[in-house]
Amino acid sequence: MPSRHPKANTVVVLDFETSGLSPNLGDRAIEVGAVLLENGSITDRYQSLINPGFRVDSFIERLTGISNTMLRSAPSATGVFKELARFIGNHNLVAHNASFDKKFMDAEMALARQSYQGTFACSMLIARRIYQNAPDHKLGTLVRYKKLPLAGEFHRALADAEMTANLWIKILDDLQADHQLDNLTFPFMKKLGRMPKASIAQFLLRQSQTEAG
DNA sequence: TGCCAGGCCCTCTTTAGGGCCTT
């Protein structure tokens, strides 16, 4: 029996909590959560709060449940991103609305003088294409829509990373079950996330026929 | 104190505007 989730899909799924929406305006990461997903299972986890060096506003405290008191004693970004770079290794990355996490990742990695090799795929872009009947494509909505387990409080980095990982596994399962696709490589998933919505059905059918030979 | 961004994607589109998503 072919592997349900080929080894090529070993990825790190990550999520940042941040002080705001834009590193260009001085916002910083305040928490990172990451999980290693191997052959469809979470095999390792990394989580840390990050001291941004300033007080976050009350909106962020309420949204995340992360208080300024918690951040005051948190480690600095330099050490955290050094550890994160080690955790990621050479793996590719998955995030929900990956463009957001990528811009913070790039900004913080540059500040910490660290680098990473992998590229990002976006669970939200793929979900918009294959779950077109979902009420919307927020992470929380998709977790409920697909009846995925809650991994903790939403808007905490490790819980969101784990739920994004569960969503990623569900997406792989559904592509296999509904479209008889087995060769779900990372490049294929990235391509799926960029495909025009109107062409998705045809694209999946063509892929399925190609795999069937 | 209140505000800020940006990529994607749709449509009444491409010489644009606005909703969705992330914190």
Side-chain angles (χ1 to χ4, degrees), chain A residues 11-35 47-71 74 77 80-81 84 93-111 119-146 148 150-168 170-171 189-204:
Chain A
V11 291
V12 169
V13 185
L14 64 76
D15 182 72
F16 290 116
E17 303 307 313
T18 67
S19 66
L21 294 173
S22 174
N24 290 335
L25 295 177
D27 289 317
R28 299 294 302 270
I30 60 170
E31 188 182 37
V32 59
V35 301
Q47 180 275 338
S48 183
L49 291 171
I50 304 162
N51 187 339
F54 53 82
R55 290 180 63 81
V56 299
D57 63 36
S58 57
F59 171 78
I60 294 296
E61 286 188 304
R62 278 195 305 273
L63 178 72
T64 63
I66 298 169
S67 68
N68 281 294
T69 304
M70 293 160 70
L71 293 174
V80 172
F81 277 84
L84 181 63
L93 298 153
V94 171
H96 198 69
N97 197 10
S99 66
F100 177 85
D101 293 279
K102 182 179 185 300
K103 71 183 176 183
F104 275 95
M105 178 83 144
D106 290 349
E108 295 286 0
M109 283 287 186
L111 287 171
T119 65
F120 276 87
C122 179
S123 55
M124 185 190 75
L125 292 181
I126 297 172
R128 279 179 175 168
R129 284 160 175 77
I130 69 169
Y131 301 139
Q132 296 192 22
N133 293 327
D136 60 53
H137 300 87
K138 294 179 175 75
L139 178 61
T141 303
L142 290 167
V143 165
R144 285 182 285 272
Y145 181 67
K146 299 310 290 186
L148 300 173
L150 294 177
E153 296 293 324
F154 285 107
H155 291 296
R156 285 304 300 266
L158 186 58
D160 281 3
E162 289 207 32
M163 290 188 279
T164 301
N166 289 334
L167 175 62
W168 186 253
K170 183 65 179 166
I171 287 170
M189 298 300 282
K190 283 196 73 157
K191 192 173 173 184
L192 185 57
R194 292 192 301 263
M195 196 60 47
K197 268 190 193 173
S199 320
I200 280 295
Q202 226 176 3
F203 173 71
L204 292 173

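The chains referred to below are lettered A, B, ... by the order of the sequence lines, with proteins before strands, and numbering in each begins at 1. The figures that follow rest on heavy atoms only: side chains count, while hydrogens, waters and symmetry mates do not.
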- Message: Which residues pass the salt bridge (Lys or Arg N to Asp or Glu O under 4.0 Å) test with Lys138(A), not counting sequence neighbours?
- Response: Asp136(A)
- Query: Partners of Glu31(A) by salt bridge (Lys or Arg N to Asp or Glu O under 4.0 Å), sequence neighbours excluded?
  - Reply: Arg156(A)
- Query: With a non-hydrogen cut-off below 4.0 angstrom, is Phe59(A) in contact with a base, only sugar-phosphate, or nothing?
  - Reply: base
- Nucleotide of dT23(B), dT22(B), dC10(B) approaching His155(A) most closely (side-chain heavy atoms): dT23(B)
- Task: Determine, stepwise, if the pair His96(A) / Ser123(A) fulfils side-chain hydrogen bond (donor to acceptor under 3.5 Å, both in side chains).
- Result: CA-CA 5 Å; His96(A) 198 69; Ser123(A) 55; 2.7 Å; yes
- Closest to the 5' end of DNA chain B, once Met124(A) and Ala198(A) are matched to their nearest nucleotides, is Ala198(A)
- Query: If the P atom of dG6(B) is compared with that of dC12(B), how far apart are they to the nearest Å?
  - Reply: 28 Å
- Task: May I have all residue pairs that pass salt bridge (Lys or Arg N to Asp or Glu O under 4.0 Å) and include part of residues 97-107 of chain A, sequence neighbours excluded?
- Result: Lys102(A)-Asp106(A)
- For atom P, what is the distance between dC8(B) and dC3(B), given to the nearest Å? 28 Å
- Query: Within the structure shown, what part of the strands sits under 4.0 Å from Leu125(A) by heavy-atom distance: base, sugar-phosphate, or nothing?
  - Reply: sugar-phosphate
- Item | side-chain hydrogen bond (donor to acceptor under 3.5 Å, both in side chains) partner of Ser19(A), the single match among Asp27(A), Thr64(A), Asp57(A) | Asp27(A)
- For the pair made of NZ in Lys102(A) and C1' in dT23(B), what is the distance, rounded to whole Å? 18 Å
- Ala29(A) and Pro52(A) have their tightest heavy-atom pair at O-CB, 4.5 Å
Grab the N/O contacts between the protein and nucleotides 3-5 of chain B below 3.5 Å, and write none if there aren't any.
| unit_1 | atom_1 | unit_2 | atom_2 | d |
| --- | --- | --- | --- | --- |
| dA5(B) | N3 | Lys103(A) | NZ | 3.3 |

- What distance, rounded to whole Å, do you find between the two C1' atoms, one in dC4(B) and one in dA16(B)? 22 Å
- Query: dG7(B) P sits how many Å from Phe120(A) CZ, rounded?
  - Reply: 15 Å
- Pairwise C1' distance, dT23(B) and dA5(B) [rounded to whole Å]: 11 Å
- Closest to the Lys197(A) side chain: dC10(B), dT22(B), dT23(B)? dC10(B)
- Task: Figure out the CD1/P separation between Ile60(A) and dT1(B), and round it to whole Å.
- Result: 16 Å
- Using atom CE of Met105(A) as one end and atom C1' of dT22(B) as the other, report the distance to the nearest whole Å. 16 Å
- Query: Under 4.0 Å between a side-chain N/O of His137(A) and OP1 or OP2 of dC20(B), yes or no?
  - Reply: no
- Message: For the P atoms, the ones on dT13(B) and on dG7(B), what distance do you get once it is rounded to whole angstrom?
- Response: 24 Å
- Query: The side chain of Thr18(A) lies closest to which of these nucleotides: dG7(B), dT23(B), dC21(B)?
  - Reply: dT23(B)
- Contacts of Arg28(A) that satisfy salt bridge (Lys or Arg N to Asp or Glu O under 4.0 Å) - sequence neighbours left out: Glu108(A)
- Message: Does Arg128(A) reach a base, just sugar-phosphate, or nothing at all? Heavy atoms under 4.0 Å.
- Response: base
- Task: Answer with base, sugar-phosphate or nothing: what part of the nucleic acid does Gly193(A) contact at a heavy-atom distance below 4.0 Å?
- Result: sugar-phosphate
- By ring pair (Phe, Tyr, Trp, His ring centres under 6.0 Å) - contacts of Phe203(A) (at least two apart): Phe188(A)
- Task: Please work out if Asp15(A) contacts a base, only the sugar-phosphate, or nothing of the nucleic acid, heavy-atom cut-off 4.0 Å.
- Result: sugar-phosphate
